[in-house]
Amino acid sequence: MAIVRVEELGRTFRVADKQPGLVGTLRHFLHRRERLITAVDQLSFSIEPGEMVGFLGPNGAGKTTTLKMLSGLIHPTRGRVSVAGHQPYRREPDFLGAITLVMGQKQQLIWDLPPLDSLAVNAAVYGIPDGEARRRIDELAEMLELGPELRRPVRKLSLGQRMKAELLAALLHQPSVLFLDEPTLGLDVNAQAAVRSFLADYNRRTGATVLLTSHYMGDITALCPRVLLIHGGTLFHDGSLEGLSQRLAPWREVSLALAEPLPAERFAIYGEIERCQGCEVVLLVERARLTAVVGQLLAELPVLDLEVREPPLEQTIGRLFQTPAAVAP
Amino acid sequence: MNHQRSPAPEPTTRPLQRIPMRRSPLRIARTLLVSQYALMVEFRAEIVLWALSGVMPLLMYAVWSGAPAGAAAGVNPQQFARYFLAALVARQFTVVWVIYAFEEDNLLGRLSPLLLQPLPLAWRYWAAHLAEQATRLPLVAAMVLLFVAAVPAAAPPLDPMRLLLALLALHLGFCLNFLMQYAITMLCFWNERVSALERLQAIPQLFLSGLLAPLELFPEPLRAVALHTPFPAIIYLPAQLAAGGPIAIGPAFLNLFGWLALLLPLNLLLWRAGVRRYAALGA
Amino acid sequence: MMDRRRGLGRYGLSLLRFWSVSLAAQMEYQLNLIIEVVASIATLAGGLFTLSLFYAHGQRLGGWSWEEALVVLGLSTFLDGFSSTLLRPNLGELVKQVQNGSLDFVLLKPIDSQFWVSLRNWSPWGMPEMALGFGLVLVGLVRSGARPGPGGVLAALLLWACGVAILYSLWFILAATSIWFVKVWNATEVLRSLVGVGRYPISAYPPALRLLFTAVVPIAFLTNVPAEALLGRTTPFWCAASAGLALVALICSRLLWRMALRHYTSASS
């Protein structure tokens, strides 16, 4: 049975429109103009218990809005959502005790006090007995490699330590569904790796379901066998990262080093010309034709060296996002 | 602030051109005021609420007009009406909130970029206050008209000389209040939580400025003491000038200028020392 | 999976944690205690001074003697202290939380969100003012020669509690509107200045305002009605009206909060 089920989910926002400058200000003062913006539209997917799913999309694609609807912070405008057997927007205590939401750019820890104080508040609010809370804090602190940091005021912690402490606070009640919105935002490489390995470890130990957004492709490749890619508020891809790269990049980069410079027109029959500078040429060749084309190239042109590469996924996704959302199937 | 670049980024790279800065004070002032006005209009709902919170003088008028103590002290109802209407206007245009704005900017880390700009911070806040006063203007006008319609006796006497003086006193009173609070604000460079200190200035101001009762009703030794503090210049002086009530104009202005002369260099000193300290701590 | 203790016990324990943690946070700034004590005394002195101006020539104000008016001023001082202790720290925080989006974390907790946003913080700095106000009420009572019987005291305490509930509801309703109009730092300032009305006997105001402060903005119920009860002058009508109003105000605050949450879209989505 799916633990997260989303059917034809949609959310529209009203935003105010204002022109800059004095005239715009006055006009806005007298008459507020509003626009409707569709953040999420016709989104459907489901997640099985224990899955780790990456949630991809450019800024403004609707990732955060979706996570907020899944965690019950925002009411959907259309469609149905069910998480852990509950309708999130009702915010029933049982539901709230079963999920958690971690937001990389917001924090729940009390700024002036050590994390332990915030944890004490959370333990009381979630009704966790003190002994049990202490046991869980020890266990999570060990996994997160947090020690004396828990006794220092939050404002004195580094960003990486703070994020780990945020994770601890978010997981104290042992939620079975984790929504993570940019949990590695702004962290350095070491801290990112630490958070990643913790999440993988946590998922393995507890069997919790994880839905994760991140700007760092590294987080997704390291953690998520399955990715959901949304673009313009609708689902573009649901499946493995591998499948996504095949679908987005059904071509390979072939770079050639030639013995003598040739005019660019000569290459048009082999594939799309990415770059052509003197003796250095880079072509994009469809995967299906790759073998044949490489053979032809070697036979027909004065090739000194030839290399076939897969273009980096970030780049291909970036290319997709520059095109309008209408290309989605 | 002053964008000297062409609107669209050039497609080809070229070395950064040094365009000589054109720092005309007039231009800075205009840009500051217009942008701050736009900002304040965004906050209009709360400015309306805040202006409404300044109706204290009207409530005090309501109590005083019915209190036998007023008549016993020789102040007639018309004088009360005129005084408290003028005090209402004075209150609306001398309110200062720079310490809260500064505290928020400091807390949200907006201070460093502002300190980098070649314009002392005080001007930006000062412009923000003027812009906020402009946003209030129509609202205060409506309040005055409503009050005069309800209590016709409250209409101020038409003495252009005194009204002009009142306007001058009003703005100087605002400047005085601004400088007092800004001096405390500068202490933020040493300790983040100084807004509590502001309370110690606001309480005597509330009771001694003339907001709750015209100073001639104060018992004698206290009245003389109050007149030497900076507070009456903020409400009592402009209000009594506009209301045409009895006031020793010369000594009151002397007191006002005296405090201004004291606070200006103090602010300059604190600002310089504060910025030095901020730089030393590495923000 | 869940081992939550349910019911009131969890709320009680949470409240205890809330307050001990916010006390710990406040203790980082000891200087505030001195400033607040000085400020409370100065405010009370100023209030007494202003009130004394009305009695400079020995008259009565709105039919109240000086000693009776002290009871009203004392109750108003107490409410000011109560606002600094609970209302301002929490409901001021609510406006901030809406602005920076951290209200999300409150809504994700399996605890009543109105409970959390109303009681999460506690500031000891309003306590001196509450104590001073209480003291002033006693002084006014003793010097006015009023001797309320046990029934009178009970009625006065009930009306006092009703006044606190009404003030809380008004404040909460204003703060909750920040969910629609994100920037309302000043909404509560209006309320503070209105509560200032309650420093004087309502009968000192002209009849139109008296009606306004009784029927429209129920300031009279905050200080005047309990003061009358303490002075042994209340009637069952005022008791019933005050209790009814407090109930309606609390229910309104609840309904409005629910409506606000439905509209909540959380900042910087």
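Just so we're on the same page: letters track the sequence lines, and every chain starts at 1.
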For this session: Please work out which of the three classes, parallel, tilted or perpendicular, describes the rings of Tyr83(B) and Tyr236(B), given edges at 30° and 60°.
Result: tilted

For this session: Please state whether the rings of His129(B) and Phe178(B) are parallel, tilted or perpendicular, taking 30° and 60° as the class boundaries.
Result: perpendicular

Contact origin within [X] toward chain C - heavy atom pairs under 4.5 Å:
X	answer
Phe218(B)	both
Leu206(B)	neither
Ala73(B)	both
Leu59(B)	both
Ala62(B)	both

Side chain from CB out, backbone as N, CA, C, O: work out which of these in [X] comes under 4.5 Å of a heavy atom of chain B, or both, or neither.
X	answer
Leu53(C)	both
Leu209(C)	side chain
Tyr200(C)	side chain
Thr50(C)	side chain

Seminar exercise, completed: In terms of heavy-atom pairs under 4.5 Å with chain B, the winner among Ala45(C), Gly47(C), Gly62(C) is Gly47(C)

For this session: List the steps, then state whether ring-ring contact (aromatic ring centres under 6.0 Å, His included) holds for Phe49(C) with Phe207(B).
Result: CA-CA 8 Å; Phe49(C) 166 67; Phe207(B) 294 110; 7.7 Å; no

Exercise. Mind checking what makes salt bridge (Lys or Arg N to Asp or Glu O under 4.0 Å) contact with Arg88(C), not counting sequence neighbours?
Worked result: none

Exercise. Would a 4.5 Å heavy-atom cut-off, applied to side chains only, mark Arg233(C) and Glu68(C) as touching?
Worked result: yes

Problem set entry | Sequence neighbours excluded - salt bridge (charged side-chain N to carboxylate O under 4.0 Å, His left out) pairs with any residue from residues 127-153 of chain B | Glu132(B)-Arg136(B)

Problem set entry | Minimal non-hydrogen separation, Asn90(C) against Arg120(C), with atom names | OD1-N, 3.1 Å

